[in-house]
Trainee: 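Below is one structure. I have some questions about it.
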2 protein chains.
Amino acid sequence: MSERELSERKRLILKAIVEAHVLYGEPVGSKSLLSNQQLTCSSATIRNEMAELENMGYLEQPHTSAGRVPTEMGYRFYVDSLVKQYRMTALEIEQINRTLQRKIGEFDRVLEDASRLLSHFTNYAGIAFKPSADQATISRFESAYLDEHSLVLVMVFADGTVKTGTVYTELTLSQQELSAFIDVLNRHLCGLTSSEITLPRIVNLERQVGLLSALVHPVVTCIYDAMSELDEANLKVDGVNHLLEYPEYSDVGQFKEMLDLLENKEDLLGLIATDGEEKDLQVHIGSHNSPGPMSNSSFVCRLVRRNGKVIGAVGVIGPRRLDYSRVIAILNQLSLGIAGAIGTDEGESGQAADEN
Amino acid sequence: MSERELSERKRLILKAIVEAHVLYGEPVGSKSLLSNQQLTCSSATIRNEMAELENMGYLEQPHTSAGRVPTEMGYRFYVDSLVKQYRMTALEIEQINRTLQRKIGEFDRVLEDASRLLSHFTNYAGIAFKPSADQATISRFESAYLDEHSLVLVMVFADGTVKTGTVYTELTLSQQELSAFIDVLNRHLCGLTSSEITLPRIVNLERQVGLLSALVHPVVTCIYDAMSELDEANLKVDGVNHLLEYPEYSDVGQFKEMLDLLENKEDLLGLIATDGEEKDLQVHIGSHNSPGPMSNSSFVCRLVRRNGKVIGAVGVIGPRRLDYSRVIAILNQLSLGIAGAIGTDEGESGQAADEN
DNA sequence: AATTAGCACTTGAAGTGTAAGAGTGCTAAA
DNA sequence: TTTAGCACTCTTACACTTCAAGTGCTAATT
């Protein structure tokens with residue numbers, strides 16, 4: 001009994017237990033495994049093996065007269081070495097890509113779609129996440145003249161994002177005045193982060209634009225709003241109602257804890273950020289020693305990269321007995337899809353603004 | 001006695017029962033009402049009155065040895081004639097208005113804020129709703145030139161809404177070409193609903209713009225997206241997790257039914273639309289004879305008008321023992337706030353003058 | 001040495017019976 | 001008309017029993 005390597009039969013048994021538990025959600029007994037075609041031994045033998053697996057820490061018993069349930073370590077082993085890649089059907093892949101490609105370029109929208117897709121495909125709660133940028137800078141301003149009291153301010157950000165806002169003013173504004181005003185903006189506010197737009201700079205701006213100084217305040221507000229929106233970490237959750245189908249959440253208290261966690265974006269954010277350094281795929285398996293809402297739940301999270309840089313993350317939250325195989329496959333596909341959908345506007349047309 | 005009019009004492013008792021039940025969520029017994037200062041009689045008298053109120057249909061007993069609970073009719077009577085206006089504090093009103101006014105003009109954002117505000121203030125689930133317009137038309141196009149491969153299309157809708165979209169193209173585009181293109185758009189697509197933008201019109205458009213015909217397809221797509229977004233009925237729900245604090249939803253099945261209802265925008269929409277003809281404030285009180293998810297829940301809904309026209313609705317969903325008084329007050333205030341926040345850019349632009 | 005059959009043992013789930021408590025309706029007295 | 005008092009009903013909680021599932025261990029078998 002080497003402690004380091006599991007015998008082939010033990011692996012088989014562990015795998016069978018995990019899969020049966022994922023399917024039915026109840027402790028797995030030695031006899032019920034006999035139906036498994038690959039296991040040719042008797043229930044007594046399985047009992048012996050199960051006892052050893054329990055000693056090694058892969059299994060545990062809720063109580064003496066119950067079957068076995070995988071521990072966190074058991075799931076970990078399963079995910080790391082026993083899980084066989086789930087293969088998505090062409091139809092599923094097609095469906096994902098089609099949905100994503102309808103909203104090219106609008107990352108916030110894509111996130112919303114992504115979380116919905118995830119919850120729909122996995123039947124767990126789907127999560128999509130955009131990290132806080134914290135240093136959005138505008139590389140260029142443009143405008144469109146609406147009427148003498150209103151205009152659309154177009155802001156092109158350094159990363160290529162374009163945002164717009166509508167500005168109303170009491171002034172009577174001509175087209176020429178507007179373009180002059182935009183010129184001033186371009187000269188004075190490009191390349192600045194929101195915290196660099198200080199009061200002296202604003203006052204200076206007001207001096208520069210002369211008669212139009214009343215326009216500065218609403219415009220700066222608009223700029224600030226756009227920047228905050230871009231900077232703000234954003235988290236979309238969809239399909240929590242699916243979780244209620246699992247008996248794990250039949251206790252309302254448990255479920256409420258989960259909901260509150262999802263409401264509190266910061267907490268979940270921490271969960272992603274803490275060890276989100278390099279691993280593209282993170283599997284958090286709930287365990288008893290880490291109490292709180294996640295003790296009975298698992299969270300699988302996949303980073304989304306563009307040009308090697310992390311631009312977001314997608315994930316799934318569900319009961320600890322998650323169908324890891326399927327979930328991981330779907331997350332991979334989706335993260336590819338997102339990167340693809342966003343990449344389209346970048347590979348072909350000249351990418352705006354690397355200048356700072 | 002008289003079946004038509006309730007005696008003063010009966011009204012008092014009914015009121016006390018409703019309020020005690022709203023507070024504690026449990027059937028109210030005759031003795032527990034003795035603590036009420038306004039009732040000077042004994043528990044036996046109260047019992048007699050309660051028996052009569054039950055005969056009249058205002059109260060019911062879950063079972064023989066339990067206290068009384070208001071029926072739908074009981075609540076209806078309470079709401080119609082016993083509820084005293086809850087007075088919001090100046091602080092609460094202030095907070096609502098401040099939140100709303102930050103996002104002037106962006107109705108979809110306002111909705112999101114509104115639902116959040118509602119759930120926060122009432123501790124029930126908050127709902128904000130925008131009906132489908134189905135006939136959005138664009139009154140003018142504007143544009144901003146980004147670079148030779150991309151532009152921002154600004155669409156001014158007939159109702160004053162402004163939407164923008166970014167368009168990418170393979171073509172190499174000059175500023176002059178762009179403004180010529182926009183001119184053509186303005187000549188051919190203004191005032192049309194999305195279903196009126198037919199293939200012949202699009203082909204004709206392509207012929208008009210000559211070399212830029214490749215630009216037509218992405219631009220039309222962009223227009224269509226914007227129109228659909230405006231047309232689309234939209235429903236924001238926030239704070240369902242609050243509901244879990246009420247024992248009414250301690251049965252997971254009940255709660256899931258509720259969640260599924262909220263997920264299914266159409267159903268809820270029907271609930272608003274069916275009798276949404278003229279009453280600004282609609283109070284749906286769950287009752288046993290109308291089964292389904294709403295049998296144990298109530299839904300209070302307030303239409304939001306601008307210039308007399310319904311532009312949306314806000315509402316609250318919670319257990320049948322809703323604090324109707326408070327909820328109605330908050331809904332009224334919020335609907336005023338929304339109308340105000342949106343109204344600013346229309347008609348009464350003279351008000352915001354003294355801000356700086 | 002590994003496997004298996006068999007059996008005693010443990011334990012939670014489900015069912016039953018009883019006692020307590022809350023609330024009522026009714027009757028008779030004030 | 002109101003109230004005190006009492007018998008009645010029904011839920012809840014708890015203790016107790018029974019049942020089935022699943023185990024661990026021992027002895028027999030391969």
Side-chain angles (χ1 to χ4, degrees), chain A residues 1-2 5-14 16-18 20-21 23-36 38-71 74 247-248 250-251, chain B residues 1-2 5-14 16-18 20-21 23-36 38-71 74 247-248 250-251:
Chain A
M1 6 221 108
S2 125
E5 280 281 335
L6 290 185
S7 71
E8 187 56 30
R9 193 168 59 192
K10 281 203 180 58
R11 298 162 61 100
L12 221 53
I13 290 178
L14 181 53
I17 290 178
V18 168
H21 184 60
L23 198 54
Y24 302 113
E26 272 163 23
V28 183
S30 54
K31 276 184 193 164
S32 71
L33 287 185
L34 289 180
S35 60
N36 189 314
Q38 307 203 50
L39 286 174
T40 53
C41 52
S42 76
S43 69
T45 309
I46 295 180
R47 276 203 291 283
N48 290 331
E49 295 283 47
M50 278 162 72
E52 286 185 42
L53 281 169
E54 179 167 7
N55 276 335
M56 297 179 190
Y58 293 105
L59 297 177
E60 66 186 335
Q61 277 183 299
H63 53 83
T64 321
S65 72
R68 300 307 209 287
V69 165
T71 58
E248 277 86 344
S250 64
D251 174 27
Chain B
M1 314 286 118
S2 131
E5 280 282 334
L6 291 185
S7 72
E8 186 57 30
R9 192 169 61 192
K10 279 201 181 62
R11 296 162 62 100
L12 220 55
I13 290 180
L14 181 53
I17 290 179
V18 168
H21 184 60
L23 198 54
Y24 302 113
E26 271 162 25
V28 183
S30 55
K31 278 185 193 164
S32 71
L33 287 186
L34 289 181
S35 61
N36 189 314
Q38 308 203 48
L39 287 174
T40 54
C41 52
S42 75
S43 67
T45 310
I46 296 181
R47 276 203 291 284
N48 290 331
E49 296 282 48
M50 279 162 69
E52 286 185 44
L53 281 170
E54 180 168 4
N55 276 335
M56 298 181 190
Y58 294 106
L59 297 178
E60 66 185 336
Q61 277 183 299
H63 54 82
T64 321
S65 73
R68 300 305 209 290
V69 164
T71 59
E248 277 85 344
S250 65
D251 173 26

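Numbers restart at 1 for each chain; the letters A, B, ... are given by sequence-line order, proteins then strands.
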Trainee: Which heavy-atom pair separates A/G74 from A/L14 by the least distance, and what is that distance?
Mentor: O-CD2, 4.4 Å

Trainee: Nearest whole Å is fine: how far is C/dA22 C1' from B/L34 CG?
Mentor: 14 Å

Trainee: Rounded to whole angstroms, how far apart are CE on B/M50 and C1' on C/dG23?
Mentor: 9 Å

Trainee: Which pair of non-hydrogen atoms, one from A/A16 and one from A/L33, has the smallest distance, and what is that distance?
Mentor: CB-CD2, 3.9 Å

Trainee: Mind calculating the distance between NZ (B/K31) and C1' (D/dA4) to the nearest angstrom?
Mentor: 11 Å

Trainee: Check the interface with nucleotides 2-6 of chain C: list each N/O to N/O pair with the protein under 3.5 Å, or write none.
Mentor:
unit_1: C/dT3; atom_1: OP1; unit_2: A/R9; atom_2: NH1; d: 3.0
unit_1: C/dT3; atom_1: OP2; unit_2: A/R9; atom_2: NH2; d: 3.1
unit_1: C/dT4; atom_1: OP2; unit_2: A/S42; atom_2: N; d: 2.9
unit_1: C/dT4; atom_1: OP2; unit_2: A/S42; atom_2: OG; d: 3.3
unit_1: C/dT4; atom_1: OP2; unit_2: A/T45; atom_2: OG1; d: 2.4
unit_1: C/dT4; atom_1: O5'; unit_2: A/S42; atom_2: OG; d: 3.4
unit_1: C/dG6; atom_1: O6; unit_2: A/R47; atom_2: NH2; d: 3.1

Trainee: A/E60 has an atom CD; how far is it from atom P of D/dT23, in whole Å?
Mentor: 14 Å

Trainee: Kindly indicate whether the side chain of B/L59, heavy atoms from C-beta on, has any atom under 4.5 Å from the side chain of B/V28.
Mentor: no

Trainee: On a heavy-atom basis, which atom in B/S43 and which in B/S30 lie closest, and how many Å separate them?
Mentor: O-CB, 3.7 Å

Trainee: Rounded to the Å, how far apart are B/L53 CG and C/dG25 P?
Mentor: 11 Å

Trainee: Could you report the tightest heavy-atom contact between B/C41 and B/R9, atom names first, then the distance?
Mentor: SG-CD, 4.3 Å

Trainee: Could you give the CG-to-C1' distance, from B/L39 to D/dT1, as a whole number of Å?
Mentor: 16 Å

Trainee: Could you tell me whether a side-chain N or O of A/T71 sits under 3.5 Å from a main-chain N or O of A/G57, the two making a donor and an acceptor?
Mentor: yes

Trainee: Any protein N or O atoms within reach of nucleotides 11-21 of chain C? Criterion: under 3.5 Å, listing atom names and distances.
Mentor:
unit_1: C/dT11; atom_1: O2; unit_2: A/S65; atom_2: OG; d: 2.9

Trainee: In whole angstrom, what separates B/E54's CD from C/dG23's P?
Mentor: 15 Å

Trainee: Quick one, A/L39 and A/T45 - any side-chain contact, counting heavy atoms below 4.5 Å?
Mentor: no

Trainee: Quick check for you: to the nearest 0.5 Å, what is the distance between B/E52 atom CD and B/N55 atom CG?
Mentor: 7.5 Å

Trainee: Expressed as a whole number of angstroms, how long is the span from A/R68:CZ to D/dG22:C1'?
Mentor: 9 Å

Trainee: Do A/R68 and A/L53 have side chains that get closer than 4.5 Å, going by heavy atoms?
Mentor: no

